[in-house]
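What follows is a set of notes on a single structure, which appears directly below.
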Amino acid sequence: MGARNLWSKEELILAFNLYLKLPFGKMHTGTPEIIELANLLNRSVNAISIRLTNFASCDPYHKNRGIKGMKGGIKQCQPIWDEFFNNQEELVFLSEKILAKKENTSIENKYQELLFDLKDLKGETVIKETKTRVNQSVFRKMVLANYGTKCAISGIDLPELLLASHIIPWSENKSERLNPENGICFSPLYDKAFDRGLIGINQNYQVILSSSLKKKEQTPFYQSHFSHIENLKISKPKNYLPRKDFLEYHLDTIFNKSN
């Protein structure tokens with residue numbers, strides 16, 4: 001194998017970045033994002049597709065489903081996977097910085113819509129805030145991909161009306177901030193209701209309504225938006241189900257406060 005064919009760590013990180021943002025069913029050579037990365041790295045779409053399958057073989061979710069990739073490729077990808085799970089925020093942000101550089105731009109330019117109000121901040125404050133917003137944007141892409149870009153309750157499929165809701169809030173658990181098992185795709189109404197503990201999701205993935213919300217059952221808004229969702233099972237994600245211990249945490253610490 002010639003030196004050109006060896007993958008650099010940067011290239012592996014970029015393939016991993018794409019792996020996080022694509023549903024498993026889209027990891028084929030016809031996917032536009034795969035073609036785009038192949039062009040950026042000057043590699044074949046087939047090579048990128050194989051790399052994504054290698055990362056799937058490192059993913060405990062797919063390992064349990066018996067997904068197997070080429071052993072040599074897995075050997076190269078496993079250290080990147082391990083690094084991600086030991087330090088999610090650093091590796092995701094690094095991957096976005098590398099990607100911006102490959103695209104001949106900067107994080108600041110690429111994410112200017114998210115970062116425009118930070119220009120007056122200095123030093124560590126601006127670095128920390130930039131990383132948080134970029135990582136939250138990547139988390140949103142991961143969660144929307146996992147739910148097929150649809151609200152898990154209403155089925156709304158307009159990306160402009162969708163949010164990636166954290167089950168355990170961002171501020172409560174640093175190590176699980178970017179874990180796709182800690183996210184559910186909701187429209188803004190259900191995102192806010194979940195965030196404020198007005199609704200919860202039980203161990204059977206059904207929606208439960210808080211007693212404070214049920215006090216409004218005679219109102220038109222309750223009839224329109226909440227009466228029909230009690231006990232409704234949220235839509236099944238493509239890869240990662242919400243982790244049951246995360247849902248339990250939400251029920252114990254957020255939902256019950258509202259109850």
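Residue numbers count from 1 along this sequence. Values below: all heavy atoms of this structure, side chains included; hydrogens, waters and symmetry mates excluded.
Looking only at side-chain heavy atoms (C-beta outward), C58 and I74 come within less than 4.5 Å of each other. Between K174 and Q88 the shortest side-chain heavy-atom distance does not fall below 4.5 Å. Side chains of F226 and I199 form a contact here, defined as non-hydrogen atoms less than 4.5 Å apart. Looking only at side-chain heavy atoms (C-beta outward), I13 and L94 come within less than 4.5 Å of each other. K192 is listed as a side-chain neighbour of R196, based on a closest heavy-atom distance under 4.5 Å. In this structure, F255 and I201 have side chains that are not in contact, with every pair of non-hydrogen atoms separated by 4.5 Å or more. Residues Y111 and E96 are in side-chain contact: their nearest non-hydrogen atoms beyond the backbone lie under 4.5 Å apart. Put simply, the side chain of K150 does not reach to within 4.5 Å of the side chain of I156, judged on heavy atoms.
Around NZ of K21, the count of heavy atoms belonging to other residues, nucleotides or ligands within 6.0 Å exceeds 12. Annotation: K110, atom NZ; neighbour count of heavy atoms from other residues, nucleotides and ligands within 6.0 Å is above 12. The environment of CD in E113 is sparse: at most 12 heavy-atom neighbours from other residues, nucleotides or ligands sit within 6.0 Å. Around the CZ atom of F116, the shell of radius 6.0 Å holds no more than 12 heavy atoms that belong to other residues, nucleotides or ligands.
Atom CG of residue L20 and atom CG of residue N146 lie 11.5 Å apart, to the nearest 0.5 angstrom. Going from atom CG of N202 over to atom CD1 of I208 covers 5.5 Å, rounded to the nearest 0.5 Å. Note that CD1 of I184 is 4.5 Å distant from CZ of F194, once rounded to the nearest 0.5 Å.
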Using atom types as modelled, flag every donor-acceptor pair under 3.5 Å from a side chain in residues 234-243 to any protein atom, sequence neighbours excluded.
| from | atom 1 | to | atom 2 | distance (Å) |
| --- | --- | --- | --- | --- |
| Y240 | OH | D59 | OD2 | 2.2 |
| R243 | NE | D245 | OD1 | 2.9 |
| R243 | NH2 | D245 | OD2 | 2.9 |

Under 3.5 Å, sequence neighbours excluded: what are the donor-acceptor pairs made by side chains of residues 30-41?
| from | atom 1 | to | atom 2 | distance (Å) |
| --- | --- | --- | --- | --- |
| T31 | OG1 | K26 | O | 2.4 |
| T31 | OG1 | H28 | O | 3.3 |
| N39 | ND2 | I35 | O | 3.4 |

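Of the candidates F84, Y61, F16, F55 forms a ring-ring contact (aromatic ring centres under 6.0 Å, His included) with just one, namely F16.
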side-chain contact (heavy atoms from CB on, under 4.5 Å) assessment of S137 paired with K141 = CA-CA 6 Å; S137 174; K141 287 173 189 164; 4.2 Å; yes

Applying side-chain contact (heavy atoms from CB on, under 4.5 Å), run through T130 and V126 and close with a yes or a no.
-> CA-CA 6 Å; T130 298; V126 72; 4.0 Å; yes

Does the side-chain contact (heavy atoms from CB on, under 4.5 Å) test come out yes or no for W81 and N54, once each step is laid out?
-> CA-CA 10 Å; W81 185 273; N54 292 150; over 6 Å; no

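No donor-acceptor distance shorter than 3.5 angstrom exists from the side chain of T149 to the backbone of A145, with no hydrogens or angles considered. Distance alone, capped at 3.5 Å, is enough to place a donor-acceptor pair between the E11 side chain and the S8 backbone. Distance alone, capped at 3.5 Å, places no donor-acceptor pair between the S165 side chain and the D191 backbone. In this structure, T132 contributes its side chain and K128 its backbone to a donor-acceptor pair below 3.5 Å.
Between the side chains of N87 and E83, no donor-acceptor pair of N or O atoms lies under 3.5 Å. Side-chain contact, R51 with Q76: a donor N or O sits under 3.5 Å from an acceptor N or O.
Legend: residues meeting ring pair (Phe, Tyr, Trp, His ring centres under 6.0 Å) with F139, ordered by chain and number and at least two apart, are H166.
With respect to the salt-bridge test (charged N to carboxylate O, under 4.0 angstrom), the residues K102 and E10 do not qualify. At a threshold of 4.0 Å, the pair R133-E129 counts as salt-bridged, since one of the basic side-chain nitrogens sits closer than that to a carboxylate oxygen. Under a 4.0 Å N-O distance rule, the pair R177/E89 qualifies as a salt bridge.
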